[in-house]
There are 2 protein chains.
Amino acid sequence: MTSITPATAASPGRAAASEARKQRIRDAALTLFSRFGLRGASLDAIADQAGVSKTNLLYYFPSKEKLYVSVLQQILETWLEPMRAIDADQPPEAAIGHYIRFKVELSRDHVQASRLFCLEMIQGAPLLKEELRNHLRALVEEKSKVIEGWIASGSLLPVDPHHLIYLLWGTTQHYADFAVQIEAISGRTLADPDFFEATVDNIQRIVLGGLLPRTNRDA
Amino acid sequence: MTSITPATAASPGRAAASEARKQRIRDAALTLFSRFGLRGASLDAIADQAGVSKTNLLYYFPSKEKLYVSVLQQILETWLEPMRAIDADQPPEAAIGHYIRFKVELSRDHVQASRLFCLEMIQGAPLLKEELRNHLRALVEEKSKVIEGWIASGSLLPVDPHHLIYLLWGTTQHYADFAVQIEAISGRTLADPDFFEATVDNIQRIVLGGLLPRTNRDA
DNA sequence: GTCTATAATATGATAGAC
DNA sequence: GTCTATCATATTATAGAC
C-alpha cells in the first residue's frame with residue numbers, strides 16, 4: 001500500500017520534514033547568492049551552509065538555476081507587499097510616511113533579500129524581466145493613479161509619481177545594500193533602534209517637507 | 001644598451017601602447033565584473049571582450065584579483081569627484097541642486113562603474129572598507145559641516161547631514177543600478193534627454209521643496 | 001611580448017549502491 | 001532519501017618555445 005503512495009503523503013510528518021529541509025537549503029542559498037551572485041556561489045558552499053551534502057541538495061533542487069529561481073520567487077512576494085499597502089483613503093502624509101517606515105523595516109529585517117534582488121537587477125534581471133514588465137508595472141500604475149489623485153485634490157504638490165516611487169525605493173533600499181558603506185561612515189546600522197528611528201524620521205522629513213524654509217519658497 | 005633599459009622606455013611609443021592595452025583590458029574587465037561580479041566573470045571572457053589572449057592578459061595583470069583591484073581603484077577616483085564639488089560658498093539650493101544633477105549625470109554616463117561599486121558594497125567591500133573608513137568618511141564629515149552651517153544660518157531646514165547624503169546617493173545611483181527595473185516600468189532610460197531632465201527636476205523638487213503644500217505645513 | 005601547451009583545481013551534475 | 005564514486009567541463013595560473 002504505502003509503496004504506491006507518494007513518499008510525501010505516506011506519513012503525516014514526511015511532507016513537512018521535506019519542505020523544512022527545502023527551506024533550509026533555500027535559506028542557505030539566499031545567504032550565498034546574495035553575497036556572490038548566481039555564478040559566484042557554489043553548490044558546495046550552499047550545501048555546506050545548509051548542513052546537507054551536495055548530492056542531497058541536488059535531490060531536492062535538480063539544478064543550480066532551479067534553486068536560484070525558487071529563492072528569487074520567494075523574495076518577490078515579500079517585496080511587493082509594502083506597495084500594496086499604500087491606501088488611497090489615507091491622507092498622503094500618512095500613506096507615504098507609512099510606506100517609508102515599512103520599507104526601512106524591510107531593509108533592516110531582510111538585508112539579504114534586498115541584496116539578492118539588487119544583484120539580479122544589476123545583472124539585467126534575466127529571470128525577473130517579464131515579471132517586472134507585467135506584475136510590477138501594473139502595480140506601479142495603480143499606485144501612480146492614487147498619487148495623481150492626491151495632487152489633483154491639492155493635498156500633494158505636483159510631482160511625477162514614477163520618480164517619487166523610484167526615490168522612495170532607492171533611498172530605503174540603500175540602507176540594506178550599502179550598509180557597509182553607511183557603517184564605515186556613520187558607525188551604525190539599522191539594527192540600532194535609535195539609528196533606525198533617525199533614518200525613518202529624516203527620510204520622511206525630507207520627502208514630505210523638503211529642505212528649503214518657507215521664506216525661500218515664497219520667492 | 002637598449003637591453004638594460006626597461007622595455008617601456010626603450011622607444012617613445014612603447015609605454016603608451018602598453019598603457020593603452022592595459023586600459024582596453026580594464027575596460028573589458030569593468031564590463032564583465034559589473035555584470036557577474038569578481039567570481040562570476042572569467043578571465044577567458046574578459047580577454048575575449050578585450051580582444052587579447054588570456055595568457056596575454058595575465059602578462060599585464062598577474063592575477064584576476066590584481067586586475068579587479070586596478071579597476072575598482074579607477075572607479076573610486078570618479079566616484080568622489082561630485083562630492084568634492086559641493087561648495088560652502090554657494091547657497092544650499094544651488095549646491096544641492098548641482099550635486100543632484102552631477103550624480104544623475106554619473107548614473108547616465110558611468111552605469112557600469114556604478115554597478116561594480118554597488119556589487120562591491122553588497123559583498124561587504126573587502127577591498128574598499130579601509131578606504132571608506134578613512135578617505136570617504138573624512139570627506140563626508142567635511143561636507144556635513146557645510147550642511148550644518150546652512151542649517152545654522154537658517155537657509156536650510158534642520159536635517160541630519162548624513163541621512164541627507166545617503167538619500168542623495170541612494171536616489172541617484174538607483175537610476176544606474178536598477179535601470180532594468182525602471183525601463184520595465186517607465187519604458188525609458190537616462191539616455192533619453194527628456195527622461196534625464198525629468199529625473200533631475202523631480203529629485204530636486206522633492207528634496208528641496210518637499211511634497212506637502214504650505215497650508216499643511218503651517219499646522 | 002605573444003603564443004601553445006598543460007598543470008592543478010573547482011564545480012555542476014549523474015550513476016548506482018544501500 | 002541519502003551516500004560514495006565519478007564524469008565532464010570550466011577556470012586560474014604557469015612553463016617554455018619563439
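Every value quoted in this text rests on a predicted model; they were computed, and no experiment measured them. Every chain is numbered from 1 and lettered A, B, ... according to where its sequence line falls, protein lines coming before strand lines.
Counting only residues at least two apart or in different chains, salt bridge (charged side-chain N to carboxylate O under 4.0 Å, His left out) contacts with residues 65-90 of chain B are absent. The salt bridge (charged side-chain N to carboxylate O under 4.0 Å, His left out) contacts involving residues 38-56 of chain B comprise B:D44-B:K54, where partners must be two or more places apart or lie in separate chains. For residues 31-53 of chain B, the ring pair (Phe, Tyr, Trp, His ring centres under 6.0 Å) pairs, not counting sequence neighbours, are B:F33-B:Y68.
Remark: B:H162 engages no residue in a ring-ring contact (aromatic ring centres under 6.0 Å, His included) (not counting sequence neighbours). Looking at residues two or more places apart in sequence or on another chain, you find no side-chain hydrogen bond (donor to acceptor under 3.5 Å, both in side chains) involving B:T199.
The shortest distance between the side-chain N/O atoms of A:N56 and the OP1/OP2 oxygens of D:dT2 is below 4.0 Å.
If you take OH of B:Y59 and C1' of D:dA15, they are 16 Å apart, rounded to a whole angstrom. When the P atom of C:dC3 is taken as reference, atom CG of B:L57 falls 12 Å away, rounded to whole Å.
Among the nucleotides C:dT2, D:dT2, D:dC3, the one closest to any side-chain atom of A:Y60 is D:dT2.
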> Taking protein heavy atoms under 4.0 Å as touching, what does nucleotides 12-18 of chain C look like 5' to 3' if B marks base contact, S marks sugar-phosphate-only contact and - marks none?
Replying inline: BBBB---
>> What verdict does the side chain to side chain donor-acceptor pair (under 3.5 Å) test give for B:Y175 and B:S114, after you've listed the backbone C-alpha separation in whole Å, the side-chain angles of each residue and the deciding distance to 0.1 Å?
In response: CA-CA 10 Å; B:Y175 285 84; B:S114 177; over 6 Å; no
